[in-house]
Amino acid sequence: MKIAIVHHPETTPKILAAQRMSEKDKLSSFTCMYGGTGKMHKDNPNRHTIDILQQMGEYYAQIGVPWKPQAYQKAIGTLKKLEVKIDCFEDAIRLPNIGTRIAKKIEEICTTGHLRTLDNALADPTHKTLQLFLRIYGVGLSQAHKWIQAGHKSLDDLLALPDLHKNQRIGIDHYDDFNTRIPRDEVTALGDIVKKVAADINLNVEAIIGGSYRRGADTSGDIDFIITKRNTRSSWDLLSFLETLVARLTCDGFLVAALTVPASSGSKWHGACALPGNPLWRRIDFLVVPETEFGAALLYFTGDDIFNRSIRLLASKKNMRLNQKGLYKDVLRTFGREKLSEGTLVEGGDERKIFDLLGVPWRPPHERICR
DNA sequence: TGGCAATACTG
DNA sequence: CAGTAT
DNA sequence: GCCA
């Protein structure tokens, strides 16, 4: 007897095509699929709107409101790509990542020149103090609030405290240093010193500068080093090298403070360095990675953070997981998306392959500026 | 209306 | 663990 | 705050 093959409605070619389209549409909403150059031309017609929304987002971040800052960042990302001025609710609301609330604010900004909610917020003297304290390395909302609650108003007030944590004291002592942008040329010069010493210790080691520097920025907030060594399969293989490197650079007077040191199985070192003859302390981070994780580490340390979050979210939607060590597949999660299994490693060594496996078009670092 | 990245180090 | 950092 |  012949068995009739009946297409289930959802498997007809037409429907399948439609489903593929909807898959594609879903993916197109991920920032990482398009990236951005971050080049905000001085003539961007929305620069004033962007500036105000930026402050509004920062304000929410500073008072610890969850998720809104990210929403503002995404909205700003949309405006930055435009070449036309958006000055009314109707035009704004059509744009991706701009909903009712932000569209209203855009209209207010364009008609009055400012945002009343923001003006009120920034007029609050307590908030000024909060902003001051939050820019201390090692100080977050929780600590800043406690200090404000206790009546402290200045960095000098804090320096008089007997129970400051080690890193907090460094953060305050070098408050201005750490909050001063580093010109690209200086990052290059600082990097050359590290590279020279690294090569002197072990020729199989490669040290590259990631972060905003790799994205082509002309100033950076800190220096992010990714260090790898040929034929290594675990970051443990690099810990002794890192120890030697840090010792040598400290001895040379280049490294001037250690803020965090890797655990026995760890991989990151945070601290400060200074160019000979330059009194400014600069934040510097080392991430040591085995060759097998180099691509994932590079992706992670190149950022920007919006790009990272976007591509990691995309991975998780595909039942995968992306972290600084690699891309994993078959990750099991609960209905609440809580992770149940690590998944199996698919790729870690090659940055391009990770893009490919995720279906994300490769883009050079300077096109990963999404904020 | 629920989800929004994922992980390392300090105290 | 909560907090801070990337 | 925005989006699926």
Side-chain angles (χ1 to χ4, degrees), chain A residues 22-23 25-32 53 56-57 59-61 64-78 92-93 95-106 133-146 163-168 170-171 178 210-212 221-226 235 258-271 283-289 293 296-297 299-317 320-328 331 333-339 342-343:
Chain A
S22 70
E23 273 306 303
D25 283 348
K26 281 182 202 165
L27 295 182
S28 69
S29 68
F30 284 85
T31 304
C32 62
L53 292 179
M56 197 70 227
Y59 173 72
Y60 281 128
V65 174
W67 309 124
K68 287 192 188 188
Q70 275 115 297
Y72 274 82
Q73 275 311 133
K74 283 193 173 181
I76 288 166
T78 298
I93 192 98
L95 299 168
N97 304 314
I98 294 179
T100 320
R101 313 284 298 275
I102 291 186
K104 270 189 202 160
K105 288 185 170 68
I106 289 175
F133 290 173
L134 285 176
R135 293 175 71 188
I136 302 171
Y137 178 88
V139 174
L141 255 181
S142 174
Q143 186 57 257
H145 274 306
K146 285 177 194 161
D163 53 354
L164 275 187
H165 293 165
K166 186 193 83 173
N167 289 356
Q168 292 172 345
I170 295 174
F178 291 165
S212 55
D222 61 9
I223 307 148
D224 298 313
F225 257 103
I226 306 157
S235 61
L259 295 165
T260 76
V261 171
S264 56
S265 68
S267 58
K268 48 176 51 167
W269 187 94
H270 295 173
R283 282 274 300 103
I284 184 167
D285 297 341
F286 296 131
L287 183 67
V288 291
V289 297
E293 297 170 5
L299 190 42
Y300 163 61
F301 242 31
T302 298
D304 62 18
D305 57 344
I306 304 282
F307 187 86
N308 281 344
R309 291 157 79 143
S310 173
I311 196 168
R312 287 177 178 207
L313 181 62
L314 175 59
S316 79
K317 296 290 188 222
M320 295 193 273
R321 174 172 64 109
L322 178 63
N323 63 20
Q324 55 268 61
K325 298 185 175 183
L327 178 65
Y328 303 76
V331 178
R333 290 185 161 90
T334 65
F335 286 107
R337 301 198 28 76
E338 188 189 353
K339 196 176 59 180
E342 303 289 282

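Just so it is clear, the structure is predicted and the values come from calculations on it, not from any experiment. Throughout, a chain's letter reflects where its sequence line sits, starting with A, and its residues are numbered from 1.
Residues forming a ring-ring contact (aromatic ring centres under 6.0 Å, His included) with A:Phe178 (at least two apart in sequence, or on another chain): none. Remark: A:Tyr60 pairs with A:Tyr72 by the ring-ring contact (aromatic ring centres under 6.0 Å, His included) rule, at least two apart or across chains. In this structure A:Asp285 satisfies the salt bridge (charged side-chain N to carboxylate O under 4.0 Å, His left out) test together with A:Arg283, sequence neighbours excluded.
Closest to the side chain of A:Asn97, from the set B:dA6, B:dA8, D:dC3, is D:dC3. Set against B:dC4, B:dC9, B:dA6, the side chain of A:Leu313 has B:dC4 as its closest nucleotide. The side chain of A:Thr260 lies closest to B:dT10, out of D:dG1, D:dA4, B:dT10.
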For this session: Apply side-chain contact (heavy atoms from CB on, under 4.5 Å) to A:Tyr137 and A:Ile170, showing your working.
Result: CA-CA 8 Å; A:Tyr137 178 88; A:Ile170 295 174; over 6 Å; no
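Considering only heavy atoms from C-beta on, A:Tyr328 comes within 4.5 Å of A:Asn323 through its side chain. Inter-residue side-chain proximity for A:Phe307 and A:Leu299 is flagged as met; some heavy-atom pair is nearer than 4.5 Å.
A:Ile311 comes within 4.0 angstrom of no nucleic acid atom, judged by non-hydrogen atoms across all strands. At a threshold of 4.0 angstrom between heavy atoms, the contacts of A:Pro69 with the nucleic acid are absent. Contacts of A:Lys105 with the nucleic acid, taken as non-hydrogen atoms under 4.0 Å apart, involve only primed sugar atoms and P, OP1 or OP2. Nucleic acid contact class of A:Asp285 (heavy atoms, under 4.0 Å, all strands): sugar-phosphate only. Within the nucleic acid shown, A:Pro66 has no heavy atom closer than 4.0 Å to any nucleic acid atom. Within the 4.0 angstrom heavy-atom criterion, only backbone atoms of the sugar-phosphate kind lie near A:Ser267; the bases stay farther away. Among the atoms of the strands shown, only primed sugar atoms or phosphate atoms (P, OP1, OP2) are found under 4.0 Å from some heavy atom of A:Ile136. Backbone-only contact: A:Tyr72 has heavy atoms under 4.0 Å from sugar-phosphate atoms and none from a base.
Counting to the nearest Å, the P atom of B:dT7 and the NE2 atom of A:His270 are 16 Å from each other. When the C1' atom of B:dA8 is taken as reference, atom CD of A:Gln324 falls 8 Å away, rounded to whole Å. Remark: P of D:dG1 and OH of A:Tyr59 are 12 Å apart, rounded to the nearest angstrom. The distance from atom CE of A:Met320 to atom C1' of B:dA5 is 15 Å, rounded to the nearest whole Å. Rounded to an integer number of Å, the gap from A:Ile93 CD1 to D:dG1 P is 13 Å. Atom NZ in A:Lys166 sits roughly 6 Å away from atom P in B:dG11 (whole-Å rounding). We find that CG of A:Leu322 is positioned 9 Å from P of B:dT7, with the value rounded to whole Å. Taking atom NZ on A:Lys74 and atom P on D:dC3, their separation rounds to 8 Å, with Å as the unit.
The stretch residues 138-146 of chain A comes close to DNA chain C through A:Gly138, A:Val139, A:Gly140, A:Leu141, A:Ser142, A:Gln143, each having a heavy atom under 4.0 Å from the strand.
Proximity of A:Lys317 to the phosphate of B:dG3: no side-chain N or O atom is located under 4.0 Å from OP1 or OP2. Side-chain N/O atoms of A:Tyr60 include one lying less than 4.0 angstrom from OP1 or OP2 on D:dG1. Here A:Arg101 reaches the OP1 or OP2 of D:dG1: one of its side-chain N or O atoms lies under 4.0 Å away. Applying the 4.0 Å criterion to OP1 and OP2 of B:dT7, one finds that A:Asn323 has a side-chain N or O inside that range.
C:dA5 and B:dA5: their C1' atoms are spaced 14 Å apart (whole Å). The gap from the P atom of D:dC2 to that of B:dT7 amounts to 29 Å, rounded to the nearest Å.
Atoms OG1 and CG, on A:Thr78 and A:Asn97 in that order, are 4.0 Å from each other to the nearest 0.5 Å. The line from OG1 of A:Thr260 to CZ of A:Phe286 is 11.5 Å long, rounded to the nearest 0.5 Å. Once rounded to the nearest 0.5 Å, the distance linking CD1 of A:Ile93 with CD1 of A:Ile106 reads 9.0 Å.
When all heavy atoms of A:Ser267 and A:Pro262 are compared, the closest pair comes out as N-CB, 3.7 Å.
Between A:Trp67 and A:Val261, the residue anchored closer to the 5' end of DNA chain B is A:Trp67, taking for each the nucleotide with the nearest heavy atom.
Using a 4.0 Å cutoff to heavy atoms of chain A, the contacted part of DNA chain C runs 5' to 3' from C:dG3 to C:dT6.
Counting only residues at least two apart or on different chains, no salt bridge (Lys or Arg N to Asp or Glu O under 4.0 Å) pair has a member in residues 65-78 of chain A.
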